[in-house]
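Accompanying notes for the structure given below.
First the proteins, then the strands, lettered A, B, ... as listed; each starts at 1. Since the structure is predicted, the reported quantities are computational estimates derived from the model, not experimental observations. All values below were derived from every heavy atom in this structure, side-chain atoms included, with hydrogens, water molecules and symmetry-related copies excluded.
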There are 2 protein chains.
Amino acid sequence: MFSERQQQIVEIAIKLIADKGIQNLTTKNIAFKIGISEPALYRHFSSKLEILKAVIAYFQIKMQPALEKLKESLISLNKIESFMLEHLKIINLNPDFAKVIFSEANFQNEENLILKMNNMMNQSHKILETIVHSGQKKDEIRTDINSLSIVRMIIGSMRLLVTQWSMSGMIFNLETEGRQLSDDIKKLIVAK
Amino acid sequence: MFSERQQQIVEIAIKLIADKGIQNLTTKNIAFKIGISEPALYRHFSSKLEILKAVIAYFQIKMQPALEKLKESLISLNKIESFMLEHLKIINLNPDFAKVIFSEANFQNEENLILKMNNMMNQSHKILETIVHSGQKKDEIRTDINSLSIVRMIIGSMRLLVTQWSMSGMIFNLETEGRQLSDDIKKLIVAK
DNA sequence: ATTATCTTTGTTAGTGTTCACTAACGTGGT
DNA sequence: ACCACGTTAGTGAACACTAACAAAGATAAT
């Protein structure tokens, strides 16, 4: 789908955004970091907007494995644990993602982009919602708590954890803290 | 502290950011919305950066009452409920806040701004942390759960709720959903 | 095998537009 | 006379993007 040069452009675009925000993402900066001229960029992407679309597609591809792993487990609580830890593992391996992925507001100027980003997020949310729901039906998860609240707590705390990790300069171990959080959530929502 | 004109500028700046993102915040747009010329802005703020600093200060002032109300209650769970609902009440009354306040990444280009924003957030987090901690000491809150996890779940789910509300075009009632979330969290963390 | 042609990927130089901001000046109230 | 608060006109810098040209490798006809 993406040529080597296109991948390189996307990766550098992510790095530039992660480094100094979306305002740092200029065609000039991308070209300079690669070591080619600005017009050469336009041999690989027809516009800057296309580069941003590719950034989002790149996230989607990289995050996919986290959703695949869930299928291996049958118990709801294990699926939830897997959901959290697999996502965090990928983000840990691609620290630049953290700075970009949860700042949807950055793309606010372009209707198309924010829609694509939302779709990507909603996909994850829907999957987690299904897991929680069936966990309650199978009496593995407390039924006296609104399932939407549980989903919001899981996703919300995960996102906050990633944001804090990213803001702190990655000062703590994301996967260790993620496991602590996941263990605590499991303890809270398990059916008694 | 702020003159009437300065307040007007700040409020319009927030509206512009909420509407189409930080890239929509230009001196030209601010001036046009007020109905004065661009150079007239510079009679009230020495630069665009000063306007952004004032935006953050404005948030801080407007959010303060949410932290005051907590003192009225003695029981930890009620304090947590109050923390959540009072914050949501203010955001509900100032819907533009929602779009701006949780997009710290927007200010990433200016070291000073992101620091100010972080300080503001950390202040709230610290207060909630203290409440949870003392709630555990008084045996009002489960002690088998890491207090940091509880704080992350509360703040994380709140922020996600606000983001979802804002992204959905304020399609649901923020305070109603907030009460549901707060009730569920209370049920989960209460000591047995 | 040599030559001609096309495609891919780069270059330099420059476009118009928008940005934050300034110089110089006007005017009405104290 | 002064000062707070406007105005019009214009600054250089940065932006995304384009026109025109160059060079190297693959393809294909001779």
Side-chain angles (χ1 to χ4, degrees), chain A residues 1-57 100 105-114 116, chain B residues 1-58 100 103 105-114 116:
Chain A
M1 196 73 193
F2 288 138
S3 71
E4 269 181 48
R5 200 46 126 199
Q6 281 177 321
Q7 272 195 42
Q8 189 189 13
I9 291 170
V10 167
E11 279 160 17
I12 282 180
I14 292 171
K15 209 163 277 180
L16 284 169
I17 296 173
D19 203 34
K20 295 200 189 131
I22 195 115
Q23 314 205 8
N24 194 42
L25 187 73
T26 66
T27 51
K28 192 181 182 178
N29 286 351
I30 299 172
F32 178 79
K33 269 243 179 182
I34 296 180
I36 60 175
S37 68
E38 223 179 321
L41 283 180
Y42 289 86
R43 297 288 175 200
H44 306 282
F45 288 101
S46 63
S47 71
K48 190 182 161 183
L49 181 59
E50 292 301 317
I51 297 177
L52 282 170
K53 284 185 190 169
V55 164
I56 293 175
V100 186
N106 280 340
F107 299 126
Q108 233 166 14
N109 55 322
E110 201 45 64
E111 288 280 325
N112 262 340
L113 288 183
I114 199 160
K116 268 177 200 264
Chain B
M1 197 72 193
F2 288 139
S3 71
E4 269 181 49
R5 197 52 122 197
Q6 282 177 319
Q7 272 195 42
Q8 189 188 13
I9 292 170
V10 167
E11 279 160 18
I12 281 178
I14 292 170
K15 209 163 279 180
L16 284 169
I17 297 173
D19 202 35
K20 296 202 189 129
I22 194 115
Q23 314 203 9
N24 193 41
L25 186 73
T26 65
T27 51
K28 192 179 180 176
N29 286 351
I30 300 172
F32 178 79
K33 269 243 178 181
I34 297 181
I36 60 175
S37 69
E38 224 179 322
L41 283 181
Y42 289 86
R43 299 285 176 203
H44 307 281
F45 287 102
S46 63
S47 71
K48 189 182 162 184
L49 182 59
E50 291 301 316
I51 297 177
L52 282 170
K53 283 186 191 168
V55 165
I56 293 174
Y58 188 84
V100 185
S103 54
N106 281 341
F107 299 125
Q108 233 167 14
N109 56 323
E110 201 46 63
E111 287 281 324
N112 263 340
L113 288 183
I114 197 160
K116 268 175 201 265

Ser3(A) side, atom OG; Phe45(A) side, atom CZ - distance, nearest 0.5 Å: 7.0 Å

Exercise: identify the closest heavy-atom pair between His44(A) and Ile9(A): CB-CD1, 3.8 Å

Phe45(B) CZ - dC5(D) C1' separation (whole Å): 15 Å

Short side-chain N/O contact to dT11(C) OP1/OP2 from Ser37(A), under 4.0 Å: yes

Which atom of Val10(B) lies closest to which atom of Ala54(B), heavy atoms considered: CG2-CB, 3.6 Å

Nucleotide dC19(C), atom C1' - distance to CG of Leu41(B) in whole Å: 14 Å

Asp19(A) versus Asn24(A), side-chain donor and acceptor atoms under 3.5 Å: no

Distance in Å, Ile30(A) CD1 paired with Ile36(A) CD1, rounded so as to fall on 0.5 Å steps: 9.5 Å

DNA chain C contacts made by residues 2-10 of chain A, counting heavy atoms under 4.0 Å: Arg5(A)

Heteroatom pairs (N/O) under 3.5 angstrom, protein to nucleotides 14-20 of chain D:
residue	atom	partner	partner atom	Å
dA16(D)	OP1	Lys48(A)	NZ	2.7
dA16(D)	OP2	Thr27(A)	N	3.1
dA16(D)	OP2	Thr27(A)	OG1	2.9
dC17(D)	OP2	Tyr42(A)	OH	2.9
dC17(D)	OP2	Lys48(A)	N	2.8
dC17(D)	O5'	Tyr42(A)	OH	3.4

Protein-nucleotide distance (Ile36(B), atom CD1; dC21(C), atom C1'), rounded to Å: 14 Å

Point-to-point distance, once rounded to the nearest 0.5 Å, from CD1 of Ile12(A) to CG of Asn29(A): 10.5 Å

Contacts of type side-chain hydrogen bond (donor to acceptor under 3.5 Å, both in side chains), residue Arg5(B), not counting sequence neighbours: Gln8(B)

Under 4.0 angstrom between His44(B) side-chain N/O and dA4(D) OP1 or OP2: no

Terminal axis angle for the helix from dA1(C)-dT30(D) to dT30(C)-dA1(D), five pairs an end, nearest 10 degrees: 10°

Separation of atom CZ in Phe32(B) from atom P in dA20(C), rounded to whole Å: 16 Å

Where Ala13(A) and Val55(A) come nearest, the two heavy atoms and their spacing: CB-CG2, 4.1 Å

Sequence-distant partners of Lys53(B), salt bridge (charged side-chain N to carboxylate O under 4.0 Å, His left out), two or more places apart: Glu50(B)

Residue list, side-chain contact (heavy atoms from CB on, under 4.5 Å) with Glu38(A), at least two apart or on another chain: Thr27(A), Lys28(A), Ala31(A)

Which residues share a side-chain hydrogen bond (donor to acceptor under 3.5 Å, both in side chains) with Tyr58(B), sequence neighbours left out: Glu11(B)

